[in-house]
Number of protein chains: 2
Amino acid sequence: MAKTNPAFMSGVPELVVLRLLASKEMYGYELVAAIKVVSAEAISLAEGVIYSSLHSLESKGMLRCRQIQSAGRTRYYYRATAKGKKRLQELLNEWDRVSGGINAIIGDSYA
Amino acid sequence: MAKTNPAFMSGVPELVVLRLLASKEMYGYELVAAIKVVSAEAISLAEGVIYSSLHSLESKGMLRCRQIQSAGRTRYYYRATAKGKKRLQELLNEWDRVSGGINAIIGDSYA
DNA sequence: GAATATACATATTAGTTATAGGTATGACAA
DNA sequence: TTGTCATACCTATAACTAATATGTATATTC
C-alpha cells in the first residue's frame with residue numbers, strides 16, 4: 001500500500017518546536033509557554049501535543065535531552081541536534097513555499 | 001463527548017476553494033488547475049480533495065452550483081454564496097493570525 | 001479504434017493533532 | 001496542616017482533515 005503523504009500544511013508544531021529549540025535549550029513546560037508568548041497567543045499548543053512531539057523528535061535523533069535538577073525538581077531540557085536543524089531547514093523551505101502559494105491565491109483576484 | 005477542534009493549520013483547502021470561487025465561477029476540474037497555476041505549483045490538491053470539498057461546502061450553503069452543458073458535456077460551475085464569503089473572511093483572519101504567529105516564531109531568535 | 005485528456009465521483013486509509021485523563025512536587029494561604 | 005494552585009511531566013485515545021485509490025463516462029486525437 002502506497003504511503004499517504006502528510007497533509008500539506010501539517011508539521012507546523014514540529015516546525016515550531018524545532019525552531020525554538022534550535023535557538024535555545026528549553027524544557028517542555030517552558031516551551032509551551034514560549035510558543036504562546038513569542039506568537040503573541042496566536043499559537044497555543046497543549047502540553048499533550050508538545051510532550052509527544054518532544055519524545056517523537058528525540059526518538060528520531062532530532063533533539064537531544066538532558067536532565068537537570070532544579071530546586072529538587074527534575075526538568076528535561078531539549079535542544080535541536082544537527083539532524084534536527086537540517087530537518088528544520090526543510091520545514092522552513094516548505095513553509096515558505098506553501099505559505100507563499102496560499103498568499104498568491106489569497107492576493108490574486110483571478111478576475 | 002467534547003468535540004475536537006480542528007488542527008490549527010487545517011482548513012487551508014477550504015480557504016483556497018472559497019477564495020477562488022469568491023472571485024470567479026468555476027467548475028471542479030478547472031479549479032484543480034487554477035490552484036496549481038495561481039500558486040505556481042506550490043499547492044497541488046488532487047481531484048478527490050477538491051470534489052469532496054465542493055460537495056461539502058455546497059451542502060453547507062457556502063457554494064451554489066449550476067449545471068452547464070458545453071460541447072455535449074456537463075460541467076458543474078460553483079461560486080461562493082454570501083455565507084461562503086463570510087466564512088472566507090473568517091478563514092482569512094485565521095490565516096493572518098496563525099501565519100503571523102508562525103512567522104513571529106520563525107523570525108524570533110529567542111536569543 | 002486505441003490512447004489520452006477532460007470531467008466528475010466517493011469510499012477508504014493515513015496521519016496529525018486535540019483532548020482527556022493521569023502522576024507528582026513545591027509554594028502559599030487559610 | 002490542609003487544601004489549592006502552579007509547576008512539570010506523561011500517555012492513550014478520539015477526532016478530524018486530507019491523501020489516495022479507484023471508478024465511471026465522454027470527447028479528442030493519432
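For clarity, every value in this text was computed on a predicted model and none was experimentally measured. Letters A, B, ... are given to chains in the order of the sequence lines, protein chains preceding strands, and every chain is numbered from 1.
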Q: To the nearest Å, give me how far apart CE (A:Met26) and P (D:dT7) are.
A: 16 Å
Q: Distance check: side-chain N/O of B:Asn5 vs OP1/OP2 of D:dC16, anything under 4.0 Å?
A: no
Q: Whole Å only: how far is the NZ atom of A:Lys60 from the C1' atom of C:dG15?
A: 11 Å
Q: How would you label the contact of B:Val32 with the nucleic acid (heavy atoms, under 4.0 Å): base, sugar-phosphate, or nothing?
A: nothing
Q: Could you tell me the separation between the CD atom of A:Gln67 and the P atom of C:dT25, rounded to a whole number of Å?
A: 15 Å
Q: Could you run down the sub-3.5 Å N/O contacts of the protein with nucleotides 26-30 of chain D?
A:
unit_1: D:dT26; atom_1: O2; unit_2: B:Arg73; atom_2: NH2; d: 2.3
unit_1: D:dA27; atom_1: OP1; unit_2: B:Gly72; atom_2: O; d: 3.4
unit_1: D:dA27; atom_1: O4'; unit_2: B:Arg73; atom_2: NH2; d: 3.0

Q: For DNA chain C, find the residues of residues 40-53 of chain B with a heavy-atom distance under 4.0 Å and give them by number; none if there aren't any.
A: B:Glu47, B:Gly48, B:Tyr51, B:Ser52
Q: Can you give me the closest heavy-atom contact between B:Ile105 and A:Arg19, atom names plus distance?
A: O-CG, 3.6 Å
Q: Okay, side chain of B:Lys60, backbone of B:Lys83: is any donor-acceptor separation there less than 3.5 Å?
A: no
Q: Over all heavy atoms of both residues, which pair between A:Leu54 and A:Tyr78 is shortest? Give the atoms and the distance, please.
A: CD1-CE1, 3.8 Å
Q: Closer than 4.0 angstrom, basic N to acidic O: yes or no for A:Lys24 and A:Glu30?
A: yes
Q: Does any N or O in the side chain of A:Ser23 come within less than 3.5 Å of the main-chain N or O of A:Leu20, such that one atom is a donor and the other an acceptor?
A: no
Q: Rounded to the Å, how far apart are A:Phe8 CZ and C:dT17 C1'?
A: 16 Å
Q: Has A:Ser10 got a side-chain atom pairing as donor or acceptor with A:Pro6's backbone, closer than 3.5 angstrom?
A: no
Q: Considering heavy-atom distances to DNA chain D, does A:Tyr27 or B:Met9 have its closest nucleotide positioned more toward the 5' end?
A: A:Tyr27
Q: Looking at A:Ser53 and A:Val49, would you say the former's side chain and the latter's main chain have a donor-acceptor pair under 3.5 Å?
A: no
Q: Side chain of B:Thr81, backbone of B:Gly84: donor and acceptor closer than 3.5 Å?
A: yes
Q: Rounded to the nearest angstrom, tell me the gap between atom OH in A:Tyr76 and atom P in C:dA24.
A: 14 Å
Q: What's the CG-C1' distance between B:Leu57 and D:dT17, to the nearest Å?
A: 13 Å
Q: Please determine whether a side-chain nitrogen or oxygen atom of A:Tyr29 lies at a distance below 4.0 Å from atom OP1 or OP2 of D:dT7.
A: yes
Q: In whole Å, I'd like the distance from the CG atom of A:Leu54 to the P atom of D:dC10.
A: 8 Å
Q: Expressed in angstrom and rounded to an integer, what is the separation of A:Gln69 atom CD from D:dC9 atom C1'?
A: 13 Å
Q: Within the side chain of B:Ser56, is there an N or O that forms a donor-acceptor pair under 3.5 Å with the backbone of B:Ser52?
A: no
